[in-house]
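Taking it in order: structure first as structure tokens, then the write-up.
Owing to the predicted nature of the structure, the values given are computational and were not obtained by experimental measurement.
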Amino acid sequence: MANELEELLGFLSSPSPPVKKAAVDIVRGLTGSEDGLQSLANYSDLVLPPLSRLLSENKEVSEPAAEALINLSQNAELAAKMVSMRMVKSTMDILYKQEASITHLLVMLLVNLTQLDAGIDSLLQVGDEKMHGLYVMKLVRSFCTSPNEKNGDPFEHVGSVLVNISKREAGRKLLLEPKRGLLKQIIRQFDSPSSLRKKGVSGSIRNCCFEAENQLQNLLLISEFLWPALLLPVAGHKIYSEQDTSKMPLELGSALSIERELVNDPEIRVQALEAIYLLCLQEAGRRALWSVNGPRILQVGYEDEEDPKVMEAYERVGSLLIESSSGGEESNLISK
């Protein structure tokens, strides 16, 4: 005989819209507490399939269903079950096959599912040669063309998905493929006023720089976008002299010769410095940094920095450049 919770979950598949709506609202409420989440986790086979089906219905039920799945997917075991149910595919299908009124929620669900290696593989479509990378290309296109509307930015969480997939080598290689040009598109979103977008971009660049040993050429192919995204956040707040900017490419020099909006999030500054460090582990990466007067930018930025963790990241890059240099100008990088 079914208990109360089993009866409630049965109502998620009710043919009566009011009953289904009431049931999904109660389930969403349960996912808002630890006790409720644990109770539902014990009946995952009864709760996950109907919630997944409800995602394709009208907003009245799809919205609470998506919110419930987002909460449930914070549990790694439940997230793994969702991935095994091919929920990444069904979420992407709903996202692009109809006018999704819950776009931001569907993307947030993908963020949680791609915390798992299996979820990343599903989004990358590993093992499907014809379709490999298609989902990611769609998400990048949406991320890069999504307007900041008054009702929010429905695709801004794609940045977090990109950070997740770029933690895996297969994800980094996909983003770095020159023919696809995905990283170049992503980097240009660093100019967005959205802190979430900026963090997604900087995290993705930083992760991709772990491939610098084998893919430095592909990274430097997009130097005109890469160096501003990495150096401007850590350039400090001073207006640079003409003597300094004359040694920089136009995209850097023009930005640093005027007052500019600072990047206040220390995590973004740390990610930028970690990416620069990874690039500078390679001799060609160090040469590329010197060619844009990067060490001078790091020196000025360090003088303005107050956050201890960010200062430590500056010092790590500075030490690497000093160790690899032969003295002279290169030895006067970081001093405070």
Side-chain angles (χ1 to χ4, degrees), residues 114-115 117 120-121 123-124 126-127 132-133 136-137 140 159-190 199-234 249 251-252 267-298 301-302 309-310 312-326 330-331 333-334:
T114 53
Q115 304 263 359
D117 286 351
I120 294 173
D121 287 344
L123 192 68
L124 294 176
V126 170
H132 177 64
V136 175
M137 289 176 69
V140 168
S160 301
V161 175
L162 296 172
V163 171
N164 288 345
I165 67 168
S166 59
K167 290 176 182 175
R168 292 279 303 281
E169 183 182 3
R172 295 192 291 271
K173 285 186 174 179
L174 177 67
L175 295 182
L176 284 166
E177 281 184 27
K179 289 182 180 179
R180 296 186 195 257
L182 296 177
L183 187 62
K184 179 179 177 181
Q185 296 175 56
I186 294 164
I187 287 178
R188 297 169 81 167
Q189 286 300 301
F190 193 78
K199 195 173 290 188
V201 172
S202 65
S204 300
I205 297 172
R206 178 243 186 207
N207 289 346
C208 284
C209 287
F210 277 101
E211 296 297 314
E213 183 176 0
N214 300 314
Q215 299 228 37
L216 185 64
Q217 185 177 359
N218 288 338
L219 283 160
L220 295 181
L221 277 174
I222 53 174
S223 287
E224 64 179 299
F225 304 103
L226 181 66
W227 288 124
L230 294 181
L231 289 169
L232 292 179
V234 296
E251 59 270 11
L252 270 175
E267 186 179 343
I268 292 176
R269 299 200 297 280
V270 168
Q271 288 175 337
L273 290 162
E274 287 177 346
I276 293 168
Y277 178 85
L278 291 167
L279 292 171
C280 288
L281 287 172
Q282 311 304 317
E283 183 183 351
R286 295 192 294 274
R287 286 201 306 268
L289 182 69
W290 281 105
S291 74
V292 298
N293 206 11
R296 173 58 180 162
I297 294 173
L298 295 176
Y302 181 74
K309 287 185 178 179
V310 184
E312 188 179 328
Y314 275 106
E315 290 161 6
R316 195 171 177 224
V317 178
S319 296
L320 176 62
L321 293 175
I322 290 169
E323 288 169 11
S324 58
S325 69
S326 55
E330 290 92 336
S331 66
L333 292 169
I334 301 291

So, for [X] and [Y], which heavy atoms are closest and what is the spacing to 0.1 Å?
X      : Y      : answer
Leu231 : Gly294 : CD1-CA, 4.1 Å
Val136 : Leu124 : CG2-CD2, 3.8 Å
Cys209 : Leu219 : CA-CD1, 4.2 Å
Pro228 : Ser223 : CD-O, 3.7 Å
Leu320 : Leu281 : CD2-N, 3.8 Å
Ile222 : Lys184 : CG2-CB, 3.7 Å

What distance do [X] atom [atom1] and [Y] atom [atom2] have between them, rounded to the nearest 0.5 Å?
X      : Y      : atom1 : atom2 : answer
Leu230 : Leu298 : CG    : CG    : 10.0 Å
Leu279 : Leu226 : CG    : CG    : 6.0 Å
Leu123 : Arg168 : CG    : CZ    : 11.5 Å
Phe210 : Leu278 : CZ    : CG    : 5.0 Å
Lys167 : Leu162 : NZ    : CG    : 12.0 Å
Arg287 : Ser324 : CZ    : OG    : 11.5 Å

So do the side chains of [X] and [Y] get within less than 4.5 Å of each other, counting heavy atoms only?
X      : Y      : result
Asn218 : Leu221 : yes
Leu321 : Leu289 : yes
Leu232 : Ile297 : no
Leu220 : Trp227 : yes
Phe190 : Pro233 : yes
Arg296 : Asn293 : yes
Val126 : Ile120 : no

Can you name the side-chain contact (heavy atoms from CB on, under 4.5 Å) partners of Glu323, sequence neighbours left out?
Ser319
Taking distance alone, no hydrogens or angles, what donor-acceptor pairs closer than 3.5 Å link side-chain atoms of residues 173-183 to residues at least two apart or in another chain?
| unit_1 | atom_1 | unit_2 | atom_2 | d |
| --- | --- | --- | --- | --- |
| Lys173 | NZ | Glu169 | OE2 | 3.1 |
| Glu177 | OE1 | Arg180 | NE | 2.8 |
| Arg180 | NH2 | His132 | O | 3.2 |

Is a side-chain donor or acceptor of [X] paired with a backbone partner of [Y] at a separation under 3.5 angstrom?
X      : Y      : answer
Arg206 : Ala272 : no
Asn207 : Val163 : yes
Arg269 : Val234 : no

In sequence, state the C-alpha distance, the side-chain angles, and the governing distance for Gln271 and Ile205, and then conclude on side chain to side chain contact (heavy atoms under 4.5 Å, CB included).
CA-CA 8 Å; Gln271 288 175 337; Ile205 297 172; over 6 Å; no
For Arg316, is the CZ atom crowded, meaning more than 12 foreign heavy atoms sit under 6.0 Å from it?
no
Surrounding CD of Glu312 (heavy atoms of other residues, nucleotides or ligands, distance under 6.0 Å), is the total greater than 12?
no
Donor-acceptor side-chain pairing of Ser166 and Arg172 below 3.5 angstrom:
no
Do Asn214 and Glu211 have a side chain donor and acceptor closer than 3.5 Å?
no
Please step through side chain to side chain contact (heavy atoms under 4.5 Å, CB included) for the pair Lys309 and Glu267, ending with a clear verdict.
CA-CA 9 Å; Lys309 287 185 178 179; Glu267 186 179 343; over 6 Å; no
